[in-house]
Peer 1: 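Below is a structure I'd like to ask you about.
Below, read A as the first sequence line, B as the second, and so on, with proteins coming before strands; counting in each chain starts at 1. Every heavy atom of this structure was used, including side-chain atoms; hydrogens, water molecules and symmetry mates were not.
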Number of protein chains: 2
Amino acid sequence: MTDDSQSKGPPRPATLKDIARALKVDVSTVSKVLSGGGISVRSETRQAIIDEAHRLNYRAHASARNLRTRRTGAMGILLPNLMNPVYASIVRGAVRRAEETGYVMLVADVEDEASTTSVYLRLVSERRVDGLIIAVSARSKEIISVIEDNPIPHVFVNRRASIGRSVTVDDQAAGYLAAKTLVEAGHTRLGFIGDSDDLDTAQRRRAGFLRGCIEAGLPPFLDVVGPYSRKGGYESALKLLDAPERPTGVFASNLLVGIGALAAMRVRKVRVPEDISIITLDAEDAIYASPPLTAIATSLLEMGARAVDEVDAILHGREPQDVVIESPPRLIMRESLGPPPKPPKPSRPSK
Amino acid sequence: MTDDSQSKGPPRPATLKDIARALKVDVSTVSKVLSGGGISVRSETRQAIIDEAHRLNYRAHASARNLRTRRTGAMGILLPNLMNPVYASIVRGAVRRAEETGYVMLVADVEDEASTTSVYLRLVSERRVDGLIIAVSARSKEIISVIEDNPIPHVFVNRRASIGRSVTVDDQAAGYLAAKTLVEAGHTRLGFIGDSDDLDTAQRRRAGFLRGCIEAGLPPFLDVVGPYSRKGGYESALKLLDAPERPTGVFASNLLVGIGALAAMRVRKVRVPEDISIITLDAEDAIYASPPLTAIATSLLEMGARAVDEVDAILHGREPQDVVIESPPRLIMRESLGPPPKPPKPSRPSK
DNA sequence: CCGAATTAGTCAATCGATTGCTTAGCCACA
DNA sequence: TGTGGCTAAGCAATCGATTGACTAATTCGG
């Protein structure tokens, strides 16, 4: 006299017991058919169980399963700012891959070291996730020791860290490609807007850029340091413009920095690309900037997706590796890059 | 002979049993002290339990607790695209408020109707979350019936829906303020870039804009419809520019649309704001556009946060309400708004 | 000084799924 | 006929926390 025919979905999701009762078999049999496997069951019984499970739209209660098996089917990602398009891309890549792989993704937008630590501890000690993707820098001794004392499978993404593996794009190659592109357009006085060497991505981009300059036999480029933000890029660009030997070609080694730099040019009435050329990084949508920004695009979505794969690999016992995304940075030619301006002092006038 | 002094964190997180064993009390006592409450305990015992819990860094196993109490301490949010800054803001507001409120947030970036349905069903029938925030439009019959058949506490955010409550900003007021601002700057031929009326936000913005125009005694504005995306804005703006009576002031009723429209102006060599004025929506960072965009800012972060509050309220048995965020849309004056151009016909020449 | 009330806990079932251990029946083989 | 080996499935413990029912010891009122 169960009236949950198919007229209306049951208000309470079905359990193993429901299926077992309906078929007059033991719940353990149902469980073994639906997930375990290591049991011999008559094919009629098996089929009946599968059919009934389907009919009731059965899905295992995640917590119950987790309690027994110690696997949650969840991953977490820790990042500093969802409104930064770089992180938004990484997270999107991760969230989608997680779904494909059968995980759910728990996102935490952490502000500072204290909240990073507390969120980390919470996720780990409440056993909410099987593994973590960490997109905040773990420079501080404190965070590192918290991770070491409360270990959980994890990878860093877009960051290298002394502890655990990492997934990054080839930042060196991006820097190199930027330099090469500027050189090929005829520029000889180059500028680089980066962040402090504390930030390992900035450091690698700078190193790649430097390599490009050296290969071209150019003198040292003008290296300006500021935070990877719109404001940081704006202010860094002003410094470049005020430098005694103003560069004619600039690599803004981060998307936000590129946008900020462009704004600075406009305010100073420096025309792009007539007076100065700009290349930025990761600007899929900078086609809508004014002028559209020439960019070195890296695979941020893929980086996020790959981070999920690596955590999954660790969980399956495979040896984790430091991954550098294979698809190389690629040049997206738009309008902010042009030849260097003609007039300004052939090669240094008198002095 | 327990050697987990405090030299190294225990590799396995502590359980109630660990605390109970150390203090020679029953786990139920520990449980009642740490969470329940309905029990009388000597204050020494109580303190000893609390101290020991602290020392072991005890946190309840989320799944175990959930299995018993049927509360997960998790919420989920369904949204169509994390790389859209509007959604990124909403999610950020939600994620942060969730953390403040003691929830973890499960994020799903769903592509289409099919994945929306499957993710929804998964979260609900695996009992992964206590409630859901839905930021995708639930126009289709199919999604609505899935929600009805598998109910869970939920609110829609930035969307109204026939089923359940919603949290929105005052889109009407935003539209109205945009119109009023353009009128006060002297514009009389207005344009509106929206999306189809299927999208309830677009519809309300349009209605508010219309009200502003009517109050000012203006003739009907030029209404262009296209998707809320950069590309959509770009193409819509071209239509406006090609209209027989080109408007002098335009409201781009979405951030991406505003950015796309600005790009269109540049390509057509229409100067902003000399030849045409633009107001856009929600452009916190459009200060870095060229020119910086005048915008009507609404409280997206707050909307996300409030959605969490509303779900929490439902979970606490309070009657849910349709919420319109109190803090009103506000004008951010930047450079894309100016007076209408002088030359073109004082007020309509002959007629 | 006795019964009742209070204090300070303990006991045991439960949430839903998993899994190692048994078992009942059946057939084959020597 | 006894032994072994299958097959098909049931039994019961377990994961960790919660909670209603229960009890032993003390205190109190009359």
Peer 1: Listed by chain and number, what are the side-chain contact (heavy atoms from CB on, under 4.5 Å) partners of B:Ala305, not counting sequence neighbours?
Peer 2: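 By the side-chain contact (heavy atoms from CB on, under 4.5 Å) rule, B:Ala305 matches B:Arg97.
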Peer 1: Tabulate protein N/O versus nucleotide N/O from nucleotides 19-21 of chain C, keeping only pairs under 3.5 Å, one per line.
Peer 2:
residue, atom, partner, partner atom, Å
C:dG20, O6, A:Lys32, NZ, 2.6

Peer 1: Using heavy atoms to find the nearest nucleotide of DNA chain D for A:Val41 and A:Leu67 separately, return the residue whose nucleotide is more 5′.
Peer 2: A:Val41
Peer 1: At a heavy-atom distance below 4.0 Å, what parts of residues 118-129 of chain B sit against DNA chain C?
Peer 2: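 Those residues whose heavy atoms fall under 4.0 Å from DNA chain C, taken from residues 118-129 of chain B, amount to none.
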Peer 1: Using the side-chain contact (heavy atoms from CB on, under 4.5 Å) criterion, which residues pair with A:Ala60? Sequence neighbours excluded.
Peer 2: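 Checked A:Ala60 against side-chain contact (heavy atoms from CB on, under 4.5 Å); matches are A:Tyr58, A:Arg65.
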Peer 1: Whole-Å distance between C:dT7 P and B:Arg42 CZ?
Peer 2: 14 Å
Peer 1: List in chain and number order the residues that pass side-chain hydrogen bond (donor to acceptor under 3.5 Å, both in side chains) with A:Glu99, two or more places apart in sequence or in another chain; answer none if no residue qualifies.
Peer 2: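 Testing A:Glu99 for side-chain hydrogen bond (donor to acceptor under 3.5 Å, both in side chains), a comparison that skips the adjacent residues, returns none.
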Peer 1: What range of DNA chain D does chain A touch, first nucleotide to last, counting atoms under 4.0 Å from its heavy atoms?
Peer 2: D:dT7 to D:dG16
Peer 1: With sequence neighbours excluded, what pairs up with B:His316 under the side-chain hydrogen bond (donor to acceptor under 3.5 Å, both in side chains) test?
Peer 2: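 So B:His316 forms a side-chain hydrogen bond (donor to acceptor under 3.5 Å, both in side chains) with B:Asp312.
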Peer 1: Return the set of residues passing salt bridge (Lys or Arg N to Asp or Glu O under 4.0 Å) with B:Arg42 (not counting sequence neighbours), or none when no residue passes.
Peer 2: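 In terms of salt bridge (Lys or Arg N to Asp or Glu O under 4.0 Å), with neighbours along the sequence ignored, B:Arg42 is linked to B:Glu44.
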Peer 1: Are any side-chain N or O atoms of B:Thr101 and backbone N or O atoms of B:Tyr103, one a donor and one an acceptor, separated by less than 3.5 Å?
Peer 2: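 No; judged by distance alone, with no hydrogens or angles, the pair does not exist.
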Peer 1: For A:Arg92, what residues pass the side-chain hydrogen bond (donor to acceptor under 3.5 Å, both in side chains) criterion, not counting sequence neighbours?
Peer 2: B:Asn81, B:Asp109
Peer 1: Return whichever of B:Arg70 or B:Ser40 has its heavy-atom-nearest nucleotide of DNA chain C closer to the 5' end.
Peer 2: B:Ser40
Peer 1: Considering only NZ, NE, NH1 and NH2 on the basic side and carboxylate oxygens on the acidic side, decide whether B:Asp130 and B:Arg70 come within less than 4.0 Å.
Peer 2: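 A salt bridge is absent here (no side-chain N lies under 4.0 Å from a carboxylate O).
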Peer 1: Mind checking side-chain contact (heavy atoms from CB on, under 4.5 Å) for A:Leu121 and listing every partner two or more places apart, or none if nothing turns up?
Peer 2: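 side-chain contact (heavy atoms from CB on, under 4.5 Å) list for A:Leu121, sorted by chain: A:Thr117, A:Val146, A:Asn150, B:Asn57, B:Arg59.
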Peer 1: When all nucleic acid strands are considered with a 4.0 Å heavy-atom cut-off, which category describes A:Ser63: base, sugar-phosphate, or nothing?
Peer 2: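 The answer is nothing, as A:Ser63 stays clear of every strand by at least 4.0 Å.
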Peer 1: If you assign B:Val25 and A:Arg59 each to the DNA chain C nucleotide with the nearest heavy atom, which residue ends up on the more 5' nucleotide?
Peer 2: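 It is B:Val25, whose closest nucleotide lies nearer the 5' terminus.
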Peer 1: Test of understanding: with side-chain hydrogen bond (donor to acceptor under 3.5 Å, both in side chains), list the residues that count as partners of A:Ser63, not counting sequence neighbours.
Peer 2: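 Only B:Asn66 meet the side-chain hydrogen bond (donor to acceptor under 3.5 Å, both in side chains) criterion with A:Ser63.
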Peer 1: Give me each pair satisfying ring pair (Phe, Tyr, Trp, His ring centres under 6.0 Å) with a member in residues 111-159 of chain A, each pair once, sequence neighbours excluded.
Peer 2: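 Pairs touching residues 111-159 of chain A that pass the test: A:His154-A:Phe156.
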